[in-house]
Amino acid sequence: MASANFTIPANLILLTIGLPWLGALLVWWIGNSHPKAQNILAVAFALLSGVTALALIPFAGKETALTISVGGPFGDFTFVADGLGIFLAAIATVIGSLAVIFSIDYMHGDHQLGRYYAMVLFFIGAMAGLVLTSNMLLAFVFWEITAFCSFDLISFNNDDPKAVAGGIKALIMTQLGGIGLLGGALLVYSYLGTYDISTFLAGANKLPANVLSLMAFGFLIAAAAKSAQFPFQTWLPDAMEAPTPISALIHAATMVNAGVYLLARFYPAFEQVPGWTISVIIVGVLTALLGALMAMVANDLKRVLAYSTVSQLGYMVYAVGVGSIFSSQFHLLSHSVFKALLFLAAGAVIHSVGTRDMMQMGGLGRRMPLVRLVFIIGALALAGIPILNGFWSKELVLESGMSDGPQWAYIIMVITAGLTAYYTARCVWLVFYGQPRSDLHGHGDAPAAMSVALIPLAIGAFLTELLAGPFIRMLNETLPFHSIHELSTLEIFQDVITAPATLVALAVIALGLLAWFTRGFLKGLSRPTQGLVKIAANSFGFDSINNSIVRLIQVCAEALRNTQTGMISWNVFGIVGGLLILLAILLIGA
Amino acid sequence: MDFSLFSGVFILVLGLLGIGFYGLLAARNLIKVIVALQLLIKGVIVIFIMAAHYNNQIDLGQSVAFTIIVADTIVAVIGLALAVQVRKHIGTLDLKKLTTLRR
Amino acid sequence: MYANDALIWLIIAPMLASPLAYFSGKLVQRKINTGKRNWTEYIPGVLTTLILISDLIPLSICAQTLLDKGVVSVTFGQITFHLDGIGFLLTTVVLALGSIVSLYSLRYMREEVGEEKYYALLTAMIGSIIGLGCTSDLFNLWVWFEAMAITTVMLVAFYRQQPAALESGVKYLVQSATGSVLVLIAISLVYTQVGSLSLDVIRDSVQSPSLLLITAGALFFIGFGVKIALVPLHTWLPDAHSQAPSGISAMLSGIVIEAGLVALLRALGSLFFTGNQWGYILLGFGALNMLVGNLMALRQIEVKRMLAYSSLAHVGYMLLGLGTAAAFGQFNGAAGGFFHLANHALMKGSAFLAAGALLYTLHLAKGDHAPLVVDDLAGAAKRYPVVAFALSVAVLGLGGLPPLAGFMSKWQIFVAGFETKNAVVIVLVIFAALNSVLSLAYYAPLVNRMYREKPSHLVETGKPASLLFTFPLILMTIITVIIGFYPTLLNWLTYPAASSLMALFGA
C-alpha cells in the first residue's frame, strides 16, 4: 500500500492520528463492564497523542512529510507538518486530553462509556488528521469523520428526542456545507489532476477565473457551515444537548474552528477572487453581531456559551477576511483555551446542580469557589480584559480590522466587543452571584478529575499570549504562500498597547460591563429594544426557516409516497407511460 | 415480401399487443392479467417469425419461437400457481384487493 | 486452455448445485421425518455454500486469462460464452454475495418448510446471473434474464402462506414479465433491421441511428429498466425486497437489479452509434432515481422497505457514473459506477442481512411474520451488539460517510462528473451529493434508535442471534471499512469492467 518514507515527522503524524484511533478501538473492545479500565485507556491514549502532537513542533516544515500513494482518482494521501497544522493538531490533542480527563467525573456511571470514549478518541484523531493532511480528498474525509463524531456525541443520549434532533441537525447542516468543500476539491482535481493543497496554492492562477471563484465561495459555504457562521449558525446552539466535555472540545475548541482553518489555509488562493474577501468579512461581522445579541438574551447557560462561540468564530472569520491570518489563528488559540475553560467550568456547575437554566441558579459561587474562580478567569478573557489571552488576540483582530478592513465592519466589531462584555458579566452574575433563585441541591465544588482539567486551562488563559512570537515565526517559516509579517511576542504586545484601536475597544468593553451593572438605571432605555430582544430570543427567525425547509421536504416525501398505490394496473401504467415518454423524448431529440 | 402478408401480420401483432396491454391495464382478475401476458408474448413471437422470414433465417426464427414458448409457459405456470395460492390464502383473485403493500 | 474449461465449470457448477441441493434436501427430509432436528438438515445449505465458494476457483483461473487477453470465450454447440470485464465483475460479485447469503441462510431458513427448494432456486438464480454476464448473443441475454426473473419471482414468494409475500410475488411477476416482453420486442426490432442476434455482429453493422433502432433502444431501457427499478418502473421493488426472505432481499438488492443494469449496458452497447443519447438518458434516470428513492425512503418506518427504496437511490449513483462514461467517455465514471455496484452489493447486502437477523430474532423466531419497523430497533445495540454495529456501518456507508466503502465509490463517480467539465453534469453531481445528505436524514435516526438505552419490548424478549448471522456480518463490515481506507483495493475488479464498458461505448 504505502511507499511511505518513515521519517520522524512521518511517524509522529501517523501516531498523532493513529494513537487515538487505536485507543478508540481498545476502549470499545474492553466493553462497558470495565469502566475503570476504559477511563485509564482513554486518558492514556489521549495524552499520548497530545505528546506526539507537541513533539511534532520542532519538526515543522513546509515539505510533505508523509506520502501514502493510493493512485487513481484518489490521489496520494499526503500529510505535511506545517505550522498551521501542528498548531491546530496540538490544540485538538491537548484540549482533547483535558476533556477526556474531565469526563472521568462528568460521565461517571454512564452505561455507554465505551461508545463515548471511542467517539471522542476517534474525533481527536480525525481532527488532527484534518489539519495535518495536505490532500483535499483526505481533508474532506476527516472533515466528514469529525462531523459524524460530533453528530454521534451530540445525540449521545439517544433516548432524548431533543438530543437526537440536535445531532441530526448538526450532521445535516455541516454535510450540506461540506458539499462546498467536495466540489472545490473535485474542481481542483479536474483542472490540475491533483488534490495537493500546496500544488493548488502555487497553481491557483492556472484555473479559469470563474472556476476559482466557484471554488472560493464553495469553501466559504463549507467553512460557514462547519464554524456555525451566518446563515448556518443555528445548529451550534442545538448541539448543546451533548455532554458538556463534548461541547468544550468539539463545539468550542476544535471542530468548529475547522471552518476558520479552511479559510486561513486557502486564503492566498482566494484573496484575488473578486468579492470573496468582502463576503468573508460580511459573514464574520454578521455572525459576530447576531451571536452576541442572542447570547445577551439566552437563559440556558450552555446556549449562552454556544452563542458566544458563534460570535467569537465570527471574529476569526472577520480576521481572515481582512487578511490577517495570524490574528485569526491567534484568536483561535486564545478562544479554544478560554472557551474550553468556560464550558468545562459550566459543565462542573451543571453536573453539580443538574440544570442548565441560569434563571434557576444564582449564588452558586459560595458553594463552588474553585469553579467560580476559573469561570471568571475564562469570562474575563472572553470579554477581552487585559492581561488575559483573549485581550491580546481580540485587540489584534480589531487592530488589523481597523487598518485593513472597511470602517463599518470595524465599528460593528467594536460594538460587538462591548456586547460581549455585557453578556459575559450577565452570565457570571446570574450563575455565581445574587440570591439563589431556586432550591437546587448541588454536590459542591468540582471533583478531582474535573479540577485537574480546569486548572491548566485557567493558567493557560493567562499565558498563551506568550506563544505569539514563536507561533508567528513557525507560521512564517512553514507557510510559503501566506505573507505573514514576523514579529516577536514583545513587539506584538507593544503593538497592541500602543494602537489607538485598543483604547477604543477597551472603552467600549468598559461601557458594556457598566451597562450590566447599571441595568437598573437603563430599564427605561431598554424598553424600545424589547422587540429586538424578542427577535434575538427566537434566533432571528433562522430556526423557523430551517424548520420550514425540513417540513417542506417531509411534505413532499409524504406526498410522493401516495404514488406507491400498490395496484398492479397502476404499476403497469408506470411502465407503459415511461415507455411512451422516453420514446417521445428520443424521437424529438433524434 | 408480399404486401398483404406484411399488413396482415402487422394488424395481427398490433391486435395482440393492444389487447395484451389493455388487459394488463384494465383487468381486475389475476387470471385475466396472466392471459394478457400470454397474448403479449404471442404477439412478440409473431414479430420474431416475421423478422426471421424477412431475413431468410426461418430456422433461427423457429428455434427462437420455441424457446420463447417454453419460457413463457413457465411464466404462466408460475403465475397460475401464485394465483392458486392467492385464492387459497387471500381468498380472492381481485387485484383491487391485493393492495395491502403500499406507500 | 484451462481457461475455457474453467469458464464452462464456472457456468454449470451452480446449475449442477441446484438439483443437488434439491434432492439432497428431499433425501434428508425423508430420513428425519420424526420431527427431531439434527445436523442433517444443514446438508443442502452446506452443499450449496461449498459449491458456490469452490466456484471461485474456476473464476480465478478465468481471471488470469482475462487479465492477459482481455476476454475468455468458449463455444458450446451454437452458443458462445464470452467472459469480459463486465461479466467478470458480475460473476465475482454474485458468487461472493451468494456464498455469504447461503451461509447466512443455514440458520435463517432452517425452520422453513421447503428449505431445499430455497437453495435450489438460489443456486439456479446465481447460475442464470453468471450466464447473463457471459452471454454474447442478444437472445441468450434474454433467456438468462428470463431465467433470473423466474427464479427470483419464486424466491420472493417463498413464504407462500403469507398474503403479503404472495401479493408482492404477483406484482413482481406481472411487472417483470411485462418488461421482458418489451425486451423481446426490442430484440425482434433489432433482428429485423440487422438480421443477426450476435452482439458483436450487431455492433459492427449498426452505424447510424434509424427509427427502428431508436425505438428498440427505448424498449431496452424500459424493458430492462423494470428489473433495474428505474423510476417510474420501480413500483415492484419495495414490495418484493421487503417481503422476500432476508437473504434473498440482499441478493435482489445487491446483485439482481445490477444484473439488469449489466444486461441493459450490453444491449445498448450493441446499439451505440455516433450520437450518445443513451448516456444522457442514463444520467436522467440517475437523477430521477436518486431523488425519488431518497424521498420515498425518508418517511418510511419499515426497515426493509426503507432499505429497498434506498436501492433506487443507489442505482441512481451507478447510473450517474455509467452515464458519464457512456455520454462523455469518462473512464472514472465507468470504474466508479462499477465500484459502486460492488460496494452497494457489499453494504446493502450487509444491511439487509443485519436487518434480517433482527427480523428473525425479534419476529420470525417467535412465529410472527410482522414487518420489522424502526421502533422495534430501539436499544438493539445492547442485546445484539454485532448486528447493530454491522447495520450501523452498512447504512452509514450507504449514506456515504467516510471512511467507509460507499464514500469512496461515490467520490470516484463524482470525480468523473467533474472531469467532464460540463456545467450540467457538475450540477448533477452536486445534486447527487445533496441526495447523499438527504439519505443521512433517514439513515442517521436508524442508527440513533439502535443505540438507545431503553430497549423496546421486542428487543427485551428477542431470541439470541446465531453465530451464522454474526459471522457473515462481521466479515462484510470489516471489508466495508477496509475498502474505505484503501479504495484502490478493488481495482482488479472494476478496471477491467470499466475497460470493457469503454470498449462497448466506443472509446
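Naming convention: chains lettered A, B, ... in sequence-line order (proteins, then strands); numbering from 1 in each chain.
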Check: Considering only heavy atoms, which portion of N332(C) lies under 4.5 Å from any heavy atom of chain A: side chain, backbone, both, or neither?
Finding: side chain
Notebook entry, point to check: When the ring planes of W411(C) and F140(A) are compared, do they come out parallel, tilted or perpendicular, using 30° and 60° as the limits?
Noted result: tilted
Notebook entry, point to check: Given that the side chain runs from C-beta out, which part of V231(C) has a heavy atom under 4.5 Å from chain A: side chain, backbone, both or neither?
Noted result: neither
Checklist line | Heavy-atom closest contact (R299(C) atom, R561(A) atom, distance) | finding: O-NH1, 2.9 Å
Notebook entry, point to check: What part of P445(C) is in contact with chain A, defined as an atom under 4.5 angstrom from a non-hydrogen atom: side chain, backbone, both or neither?
Noted result: both
Check: What part of L171(A) is in contact with chain C, defined as an atom under 4.5 angstrom from a non-hydrogen atom: side chain, backbone, both or neither?
Finding: side chain
Next item on the list: With a 4.5 angstrom heavy-atom cut-off, could you sort out which part of L211(C) is near chain A: side chain, backbone, both or neither?
Entry: side chain
Margin query: Measuring from atom OH of Y443(C) to atom CD1 of I168(A), what distance do you get when rounded to the nearest 0.5 angstrom?
Written below: 14.0 Å
Check: Contact part of L298(C) toward chain A, heavy-atom cut-off under 4.5 Å: side chain, backbone, both or neither?
Finding: side chain
Notebook entry, point to check: About how many Å separate CG of N158(A) and OH of Y451(C), when rounded to the nearest 0.5 Å?
Noted result: 10.0 Å
Item checked: Contact class of V437(C) relative to chain A, heavy atoms under 4.5 angstrom -> both
Note to self: If I measure from the heavy atoms of chain A, does V415(C) come under 4.5 Å with its side chain, its backbone, both, or neither?
What the structure shows: both
Check: Where do F418(C) and L187(A) land on the side chain to side chain contact (heavy atoms under 4.5 Å, CB included) test, with the steps shown first?
Finding: CA-CA 6 Å; F418(C) 270 72; L187(A) 279 174; 3.6 Å; yes
Item checked: Spacing of N294(C) atom CG and I553(A) atom CD1 [to the nearest 0.5 Å] -> 11.0 Å
Notebook entry, point to check: By a 4.5 Å heavy-atom criterion (distance strictly below it), what part of F407(C) contacts chain A: side chain, backbone, both, or neither?
Noted result: side chain
Checklist line | Portion of L230(C) that has a non-hydrogen atom of chain A nearer than 4.5 angstrom | finding: neither
Next item on the list: Counting only heavy atoms closer than 4.5 Å, note whether M450(C) contacts chain A via side chain, backbone, both or neither.
Entry: neither
Note to self: If you compare all heavy atoms of A433(C) against all heavy atoms of L182(A), which two are closest, and at what distance to 0.1 Å?
What the structure shows: CB-CD2, 4.2 Å
Checklist line | Interface moiety of F339(C) toward chain A, non-hydrogen atoms closer than 4.5 Å | finding: side chain
Checklist line | Shortest non-hydrogen contact between L560(A) and M296(C), atoms and distance | finding: O-SD, 3.5 Å
Notebook entry, point to check: How many angstroms lie between atom CG of L587(A) and atom OG1 of T215(C), to the nearest 0.5 angstrom?
Noted result: 6.0 Å
Next item on the list: Indicate the atoms forming the closest heavy-atom contact of L295(C) with A557(A), along with that distance.
Entry: O-CB, 3.2 Å
Notebook entry, point to check: Quick one: what part of K171(C) sits under 4.5 Å from any heavy atom of chain A, side chain, backbone, both or neither?
Noted result: both
